Amino acid sequence: MKIATWNVNSVRSRLERLIAFLGRHDPDIVCLQELKTTEENFPFDEIKAAGYHSAIFGQKTYNGVAILSKSEPSDVSRSMTDGAEDPQARLISADVAGVRIISGYFPNGGTVGSDKWEYKLDWMKRLGAYLEKHHKKSEALLLCGDTNIALDDKDVANPESWAETVLCHPEGRAALNDVIAWGLHDVFREKNPDGGLYSWWDYRMLGFPKNDGLRIDHILATSSLAKKCTAAVIDRDERKGSKPSDHAPVIAEFSL
DNA sequence: ATGGTTGCTTAGCAA
């Protein structure tokens, strides 16, 4: 089973690239983030024609997440269903081929200390409670998405310039590590222990040409699946060329 | 350098 996670930064402006990506990699499942559109305007037909079902949780202008899959998803759940007052579409879950798939777009956090930063930390706390309430670590489960956190300085090309920012702050790292400690494994790290590989480069300040990147997109697997992971890569080429997303897709394969 | 680029929406926000 091959799964990809990709923050597309608008599914409509990235549709041509997305369809080409599906053809190039032939993934069984794709978790998308930052759709930036409502369900009404989601390109279901084009994605269906490429051979994929779409389970989506959309929102106008901002956020929005989806799970694309060759086999039909079931038991689709949108948001954390915890009664919190939260209008932001950032989490969707579904069963696909016997695996629980979660696509998450973690809050960026604005600047450390801001209201958005507090929301980011609280959102990760809620996610930990969501996993605890709805799942068991003995399940086959994949939490995929843009976490907006680089867990380690070896996932940051220029750690000194990103230190203490929302993507690298120790409190954010601790919050994501708390989620992971529930029973998840960073399969990309396990396959690429040396670091130095990135999934996001800022559009500004020549981020990609200078390779000023961070690995902030993750595929996190429960241990039964992590043991079966055979490969984990980043499609850095997808960041090249005309009209790329600012994120590159992360892809993992599992022998099920 | 509180900068810069992109997308949605059409002036300002979010990233």
Side-chain angles (χ1 to χ4, degrees), chain A residues 5-21 31-44 46-47 56-66 79 85-91 103-124 127 144-151 155-158 160-169 171-173 175-176 198-218 234-250:
Chain A
T5 183
W6 188 14
N7 178 324
V8 287
N9 185 22
S10 169
V11 70
R12 285 185 292 171
S13 71
R14 219 65 60 207
L15 184 57
E16 198 177 325
R17 274 183 178 263
L18 174 60
I19 299 301
F21 173 81
C31 293
L32 299 178
Q33 300 87 37
E34 275 210 90
L35 304 178
K36 293 189 169 179
T37 190
T38 54
E39 183 152 358
E40 184 187 358
N41 293 316
F42 185 85
F44 286 102
E46 292 89 339
I47 291 168
I56 99 141
F57 185 27
Q59 179 186 335
K60 189 180 177 186
T61 311
Y62 301 120
N63 309 313
V65 286
S79 89
E85 186 78 33
D86 185 354
Q88 302 191 33
R90 293 183 176 276
L91 198 83
S103 177
Y105 176 43
F106 292 44
N108 170 281
T111 55
V112 172
S114 66
D115 289 349
K116 288 178 188 168
W117 173 247
E118 293 306 320
Y119 173 70
K120 176 177 191 166
L121 296 177
D122 186 58
W123 194 91
M124 286 189 275
L127 179 58
C144 305
D146 174 3
T147 64
N148 269 311
I149 302 268
L151 283 165
D155 300 318
V156 186
N158 298 294
E160 63 294 332
S161 64
W162 292 92
E164 307 300 319
T165 69
V166 292
L167 302 181
C168 293
H169 194 279
E171 270 188 82
R173 286 177 169 173
L176 180 53
Y198 315 118
S199 67
W200 175 81
W201 300 260
D202 203 317
Y203 283 129
R204 300 165 290 184
M205 302 297 286
L206 301 172
F208 190 66
K210 291 178 172 174
N211 196 29
D212 184 11
L214 295 86
R215 188 172 71 94
I216 59 174
D217 298 87
H218 293 104
I234 294 172
D235 181 10
R236 193 177 186 282
D237 289 344
E238 186 53 60
R239 184 63 174 77
K240 300 176 180 173
S242 171
K243 302 252 304 172
S245 169
D246 45 352
H247 294 253
V250 184

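Treat the numbers as computed from the prediction; the structure is a model and nothing was measured.
Atom NZ of A:K120 and atom C1' of B:dA15 are 11 Å apart (whole Å). Rounded to whole Å, atom C1' of B:dA15 lies 10 Å from atom CH2 of A:W162.
Between the side chains of A:T5 and A:Q33, a donor-acceptor pair is found at a separation under 3.5 Å. A donor atom on one side chain and an acceptor atom on the other are not found under 3.5 Å apart for A:W201 and A:D212.
Scanning all heavy atoms of the two residues, the minimum distance from A:G109 to A:V166 falls at O-CG1, 3.5 Å. Of all heavy-atom pairs spanning A:D146 and A:N148, the tightest one is OD1-N, 2.9 Å.
Comparing B:dG12 with B:dA1, their C1' atoms are spaced 22 Å from each other, to the whole Å. Nucleotides B:dA15 and B:dT9 are separated by 16 Å at their C1' atoms, to the nearest Å.
Relative orientation of the A:H169 and A:W117 rings is perpendicular, given thresholds of 30° and 60° on the angle between their planes.
Using a 4.0 Å cutoff on non-hydrogen atoms, the parts of residues 105-112 of chain A near DNA chain B are A:Y105, A:N108, ordered by number.
Within the nucleic acid shown, A:R239 has no heavy atom closer than 4.0 Å to any nucleic acid atom.
Heavy-atom contacts from other residues, nucleotides or ligands closer than 6.0 Å to CD of A:E160 number more than 12. For A:Q88, the CD atom counts as densely surrounded, since its 6.0 Å shell holds more than 12 non-hydrogen atoms of other residues, nucleotides or ligands.
In terms of the side chain to side chain donor-acceptor pair (under 3.5 Å) criterion, A:N108 has no residue partners (sequence neighbours excluded).
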Protein-to-nucleotide contact annotation, 5' to 3' order, nucleotides 2-11 of chain B [B base; S sugar-phosphate only; - none; under 4.0 Å, heavy atom]: --BBSSSS--
